[in-house]
Amino acid sequence: MIEFLENHRRAFLLTGIGICIIAIIATISPGTGTNILSSGLSYVVTPMQRGLSSSITWVQGHFSALTNNQNLITQNRELQEEIHRLQFENDRLSLAAEENAILSDALNMHRRYAHLPTMGARVIAADPSDWHRSFTIDRGTSDGIAVNMPIIANGGLVGITRYTTPLSARFVSVLDYRFVTRVISPRTEDIGTARGDPTLMHQGLMRIDHLEATAQIIPGDEIVTSPCSYLFPSGLRLGEVISVHTTPDGLARYAIIRPTADISNMEVVLVITEGM
């Protein structure tokens with residue numbers, strides 16, 4: 001039997017091909033009657049056509065989704081690049097505005113204190129243990145900076161140099177307990193001693209001691225350096241009175257003042273470089 005099939009394999013193959021061709025023709029031939037062969041084949045062909053159509057639709061939909069996804073990825077990348085560019089531009093403009101503000105402050109200080117021998121300097125560091133106490137500037141002995149030179153900012157007196165190196169100097173602020181100077185109220189001519197106070201420093205305040213019991217200063221009065229101060233030129237603004245008190249023994253008065261200059265936000269200062 002096997003040998004018979006092998007000998008007639010070609011004939012069987014040709015017969016099968018013929019049947020398939022006839023079946024295909026029968027399914028596509030026009031006519032109003034229902035052909036038995038075409039009806040039978042429709043049970044086989046129709047599900048295959050439906051399956052093929054569904055497959056094609058799925059592939060088309062999947063490919064479309066992939067294409068849309070790729071477009072979204074491309075758009076997202078472009079948007080991210082634009083955001084980064086805008087952020088960079090915003091940072092650049094912010095730095096430019098900040099630099100302009102610093103230069104403007106420096107110019108205003110030079111104009112205000114044009115009658116004094118000064119040198120501009122940038123604040124480059126603050127005391128890491130307490131930013132109220134001392135600061136470092138980018139000028140030193142190689143620039144002519146020495147110990148006990150007054151430091152002023154746009155608002156007024158902010159400190160005095162205490163340590164120097166060839167390229168930098170450190171100054172203690174007016175809030176530091178080591179800072180002491182004689183001051184006066186221009187309105188009342190009451191004289192006292194301004195000093196940093198450890199209990200007030202963290203509030204950004206200092207005090208004036210040794211006011212006479214009859215002192216007439218009141219909150220809102222301006223306080224400036226006195227002509228009696230040998231380290232500072234007279235008339236430098238130091239602060240504003242916010243409260244006045246009488247000592248427990250009733251023999252004197254003292255005042256709490258807020259420095260005119262913003263000690264916590266100094267960028268540029270002036271060093272008074274010559275003696276008074």
Checklist line | Sequence-distant partners of Thr141, side chain to side chain donor-acceptor pair (under 3.5 Å), two or more places apart | finding: none

Item checked: ring-ring contact (aromatic ring centres under 6.0 Å, His included) contacts touching residues 140-190 (sequence neighbours left out) -> Phe135-Phe171, Phe179-Phe232

Item checked: Partner set under side chain to side chain donor-acceptor pair (under 3.5 Å) for Thr164, not counting sequence neighbours -> none

Next item on the list: Could you tell me which residues satisfy salt bridge (charged side-chain N to carboxylate O under 4.0 Å, His left out) with Asp190, sequence neighbours excluded, listed by chain and number?
Entry: none

Check: With Ser185, which residues qualify under side chain to side chain donor-acceptor pair (under 3.5 Å), at least two apart?
Finding: Thr188

Notebook entry, point to check: If you look at every heavy atom in Val183 and Ala194, which pair is closest and at what distance?
Noted result: CG1-CB, 3.6 Å

Next item on the list: Apply salt bridge (charged side-chain N to carboxylate O under 4.0 Å, His left out) to Arg195 and list each qualifying residue two or more places apart in sequence or on a separate chain.
Entry: Asp209

Note to self: The criterion is side chain to side chain donor-acceptor pair (under 3.5 Å); which residues satisfy it with Ser142, sequence neighbours excluded?
What the structure shows: none

Next item on the list: For residues 137-165, pull every pair meeting salt bridge (charged side-chain N to carboxylate O under 4.0 Å, His left out), keeping only residues two or more places apart or in separate chains.
Entry: Arg139-Asp143

Next item on the list: Check whether any side-chain N or O of Gln216 sits under 3.5 Å from a backbone N or O of Thr214 as a donor-acceptor pair, and report yes or no.
Entry: yes

Note to self: Donor-acceptor check, side chain of Thr225 to backbone of Leu236, threshold 3.5 angstrom: yes or no?
What the structure shows: yes

Check: Is the backbone N or O of Asp262 less than 3.5 Å from a side-chain atom of Asn265, with the two atoms forming a donor-acceptor pair by type?
Finding: no

Check: His210: what forms a ring pair (Phe, Tyr, Trp, His ring centres under 6.0 Å) with it, not counting sequence neighbours?
Finding: none

Next item on the list: Check the surroundings of atom CZ in Arg207: do more than 12 heavy atoms from other residues, nucleotides or ligands lie under 6.0 Å from it?
Entry: yes

Checklist line | Residue list, side-chain contact (heavy atoms from CB on, under 4.5 Å) with Thr246, at least two apart or on another chain | finding: Arg253

Notebook entry, point to check: Under the 4.5 Å side-chain heavy-atom rule for ILVMFWY, direct or indirect, which residues accompany Ile184?
Noted result: Ile191, Val224

Item checked: Partners meeting side-chain contact (heavy atoms from CB on, under 4.5 Å) with Arg258 (sequence neighbours left out) -> Leu205, Ile242

